[in-house]
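Note sheet for the following structure.
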Amino acid sequence: MLVAVGGTGLAALLVAACLDLPDFGGDRHPYGDRAVRAALARHTANTVASVNFDQRAFDTLGEMTILFAAVLGCVVLLRQTRDEHRARPEPEPVAAPVRRYALLVLPLALLTGLYVIAHGQLSPGGGFQGGVVAATALHLLYLGADYRALERIRPVGVYEVGDAVAVFAYLVTGLACLIGSTAFLANTLLPYGTFNTLSSGGTVPLLNAAIGMEVACAVVVLLARFLDQAVEIEDDTAEERGK
């Protein structure tokens, strides 16, 4: 009953808000116009990046926190328990075309992910998209070679630290704004630079880079834990029942 009452009130507010929205397909777009004006005023060529890391940077902090908490939860749930042990993974044969394609595409995919992160304030993409591309690019080595080759370039502990450092860097940027007598995560800490260059946008490139690092490290850690369960970790109780 409590949820029904609260849901009814929320539905009423949403309907009232929707009735005041601009007509679909009309020529009046007050929210879009304001977002574009704010992005251009701060020399950010990509309006979406300006919205994510400037106009609503605090909301993006919440999204990053959700991802960080989700990865932390998976690490805790998928940790090795007392009735499990690690078995050394044995390499499987890989078809030559698959090996060639994976090893050829891996550096290109990794470079593409880093490019998307670095140019997030200039062109479509950014830290969220580029981080996923960069993280998954590393796992082409698992497809083209074997699991042990992936482990050599993917020390999970380093990526766990990188994940935490990226979240900390985002928070420190916001705290630096407070020290500078402005609002938390307000884009007033750095000069806006020359429009349509890598150094433009004030704090937008910094926050975008922090998100890119956090997403890349988080995805690597997440996939590592699931691969551990599928490849390395075996259940001792199941083996004993089989015997």
Side-chain angles (χ1 to χ4, degrees), residues 1-42 44-78 116-117 120-121 124-133 135-136 163-164 166-178 182-189 201-219 221-223 225-226:
M1 291 178 62
L2 182 62
V3 172
V5 172
T8 302
L10 179 61
L13 291 174
L14 288 175
V15 170
C18 291
L19 292 176
D20 200 35
L21 287 174
D23 294 335
F24 181 77
D27 58 355
R28 188 173 70 91
H29 304 284
Y31 313 113
D33 294 341
R34 291 171 183 171
V36 172
R37 282 198 300 269
L40 295 178
R42 295 177 174 87
T44 307
N46 182 7
T47 302
V48 176
S50 176
V51 172
N52 287 338
F53 304 112
D54 183 357
Q55 302 170 39
R56 52 177 291 270
F58 190 77
D59 294 343
T60 302
L61 173 61
E63 297 172 1
M64 180 176 65
T65 304
I66 291 172
L67 176 60
F68 183 79
V71 173
L72 181 61
C74 286
V75 169
V76 173
L77 291 174
L78 297 178
V116 171
I117 295 174
Q121 72 274 16
F128 286 103
Q129 298 85 347
V132 172
V133 173
T136 52
D163 192 3
V167 175
F168 181 72
Y170 199 102
L171 290 172
V172 166
T173 304
L175 294 176
C177 296
L178 288 177
T182 59
F184 183 72
L185 290 173
N187 191 1
T188 57
L189 186 64
T203 57
V204 171
L206 296 181
L207 299 179
N208 179 64
I211 287 292
M213 180 178 176
E214 199 272 336
V215 171
C217 292
V219 172
V221 173
L222 189 64
L223 292 177
R225 295 309 177 191
F226 279 104

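Remember, predicted model here, so these are calculated numbers, not experimental data. The residues of the chain are indexed from 1 along the displayed sequence.
- Put simply, the side chain of C74 does not reach to within 4.5 Å of the side chain of R225, judged on heavy atoms.
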**OP:** Evaluate the side chain to side chain contact (heavy atoms under 4.5 Å, CB included) criterion for residues F184 and L175: first the C-alpha distance (whole Å), next the side-chain angles of each, then the deciding distance (0.1 Å), finally the verdict.
**Re:** CA-CA 6 Å; F184 183 72; L175 294 176; 4.3 Å; yes
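- To the nearest 0.5 Å, atom CG of residue L178 and atom CG of residue L185 are 8.0 Å apart.
- Rounded to the nearest 0.5 Å, atoms CD (E63) and CG (N52) are 7.0 Å apart.
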**OP:** Could you give me the CA-CA distance, side-chain angles and deciding distance for I211 and M64, then say whether side chain to side chain contact (heavy atoms under 4.5 Å, CB included) is met?
**Re:** CA-CA 7 Å; I211 287 292; M64 180 176 65; 3.5 Å; yes
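- Between F128 and F53, the ring planes are parallel. Angles under 30° get that label, and only those over 60° would be called perpendicular.
- Between A35 and V51, the shortest heavy-atom contact is CB-CG2, 4.1 Å.
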**OP:** Given side chain to side chain contact (heavy atoms under 4.5 Å, CB included), test V132 with V215 step by step and report yes or no.
**Re:** CA-CA 6 Å; V132 172; V215 171; 3.7 Å; yes
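- Atom CD of E214 and atom CG of L207 lie 13.0 Å apart (nearest 0.5 Å).
- Formation of a donor-acceptor pair under 3.5 Å by the N187 side chain with backbone atoms of D54 is not found in this model.
- Distance OG1/T60 to CD/Q55: 10.5 Å, rounded to 0.5 Å.
- Annotation for A186 and C177: closest pair O-SG, 3.1 Å, computed over non-hydrogen atoms.
- Checking side-chain atoms of N208 against main-chain N and O of G126 turns up no donor-acceptor pair under 3.5 Å.
- Considering all non-hydrogen atoms of both residues, A216 and A135 come closest at O-CB, 3.4 Å.
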**OP:** Test side chain to side chain donor-acceptor pair (under 3.5 Å) on T188 and T182 and set out the steps.
**Re:** CA-CA 7 Å; T188 57; T182 59; 3.3 Å; yes
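- The environment of CZ in F58 is sparse: at most 12 heavy-atom neighbours from other residues, nucleotides or ligands sit within 6.0 Å.
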